[in-house]
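Reminder, nothing fancy here: chain letters follow the sequence lines and each chain counts from 1. No experiment lies behind these values; they were computed from the predicted model shown.
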Protein chains: 2
Amino acid sequence: MALRHAVLAALLGGELSGYQLTKSFDLGVANFWHAQPQQLYAELTRLEKDGLIAGREVVQESRPNKRLFQVTDAGLTELADFTAAAAKPAFIRDDLLVKVQAADHVDTEALIAQLSERAAFAQGKLDLFDKLLRNMRGERTEDEFLRGGDPIGPYLTCLRGLAFERGNRDWCQRTITILRARARSSQQSI
Amino acid sequence: MALRHAVLAALLGGELSGYQLTKSFDLGVANFWHAQPQQLYAELTRLEKDGLIAGREVVQESRPNKRLFQVTDAGLTELADFTAAAAKPAFIRDDLLVKVQAADHVDTEALIAQLSERAAFAQGKLDLFDKLLRNMRGERTEDEFLRGGDPIGPYLTCLRGLAFERGNRDWCQRTITILRARARSSQQSI
DNA sequence: TCTGACTAGTCAATTTTATGAGTAAGGAGA
DNA sequence: TCTCCTTACTCATAAAATTGACTAGTCAGA
């Protein structure tokens, strides 16, 4: 039941449409949760039915109409309860790690190709997160913003996203280096 | 369909029983994937049916009998194909980040409690991974092991697990510091 | 001797996520 | 003009993961 809380948390920054939400939860961003559009629209419907968010129709001229949602008081209470409850630990669940686990039994070049791709992807997200952070803090230095900037929640989660992707990139690069060095030395010994 | 490859990868190190597998995939370890026992037993059944692993019954005296599984040639081929195919990017999906995203709207002390708990959990896994790595490399230094140690796959994924948990711990601690500092200064201004 | 933990699993039900396919309109570029 | 991209969604189905309960014997410690 954490998707619902993720949606609530995302809506705290102000009214959003389902479509706008999908933009935050998709491939590119998703600095604190990830979900498919279908899941989000379904969750929005449920949240509204449960009174945790309220939607209003916005008529648009040269665009399809949209519905903007905002968190209700009941929604805030729900979030507070969720925050007080124990969080499940976060686990790694990553295709790429499965492939590396099997490194001794699969083709090294294929593995390196995957690692390079992931490193590039991570770098892309890194740049994006960096931009987002700059945007949030505006003129201020990071320290200044962390001391008194507002809202701080999205900034903090973005910092985690940044560190995570940096971790991904660095590990991929190091792993490539290691695998290449081993491939060279095993070739020499043949 | 990545759980099946995760199981295959885990069995590369040698025969394991379902129960032993659950130990690797549970809370404590899970350095490259995480899954519940029920999922693992179900997957083992499917893998055997598909001929990707072979099981043999081991009769035990003062313990229930067990079935040990090992990867077949077909299983290796399957893993090779999997490795060559594009990996899905790994996303963050973490209760705790949802809570922090809502930091501006929930009780700071409750949040800090969650962050402390997570930091402690991460430290626990950190210690565990450190032990696992020492175990794998034995007498050798890390550099020596990385250059020629065998098997290298599990070592590399464990390094990623270590970095991930270090990232968790550091971010939790930093976030706590930031939130505390902000709480103090906002109290002063009241 | 009783309790709880460990080994070694299984069954059923539900929830959560992912995949694939559609609708419908406007605007930008080749 | 044709095609693709973006906004703004919906429906249906399949796959993956979680939750809870249950069996059954062994061993160690209070």
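Regarding contacts with the backbone of C:dT17, every side-chain N or O of B:K88 stays at 4.0 angstrom or more from both OP1 and OP2. Between A:R93 and the phosphate of D:dT18, there is a side-chain N or O to OP1/OP2 separation shorter than 4.0 Å. Side-chain N/O atoms of A:Q36 include none lying less than 4.0 angstrom from OP1 or OP2 on C:dT17. Between A:K66 and C:dA25 there is no side-chain polar atom (N or O) within less than 4.0 angstrom of OP1 or OP2. At least one side-chain nitrogen or oxygen of B:S62 sits closer than 4.0 Å to the OP1 or OP2 atom of D:dC27. Taking 4.0 angstrom as the limit, B:Q39 places none of its side-chain polar atoms (N or O) nearer than this to OP1 or OP2 of D:dA16. Dashed line: the shortest gap from a side-chain N or O of B:Y19 to OP1 or OP2 of C:dT7 is under 4.0 Å.
Residues B:R180 and B:I112 meet the side-chain proximity criterion, which asks for heavy atoms closer than 4.5 Å.
Ring-plane geometry between A:Y155 and A:F145 is classed as tilted, the angle between the planes lying from 30 to 60 degrees on a 0 to 90 degree scale.
Nucleic acid contact for B:T22: none, since no nucleic acid atom lies under 4.0 Å from a heavy atom of the residue. A:Q38 comes within 4.0 angstrom of a nucleotide base, judged by non-hydrogen atoms across all strands.
A straight line from CG of B:L16 to P of C:dT7 spans 14 Å, rounded to a whole angstrom. One can place NZ of A:K23 at 12 Å from C1' of D:dC9, the figure rounded to the nearest angstrom.
Ion pair A:E142/B:R174 flagged as a salt bridge, since at least one NZ, NE, NH1 or NH2 atom sits closer than 4.0 Å to an Asp/Glu carboxylate oxygen.
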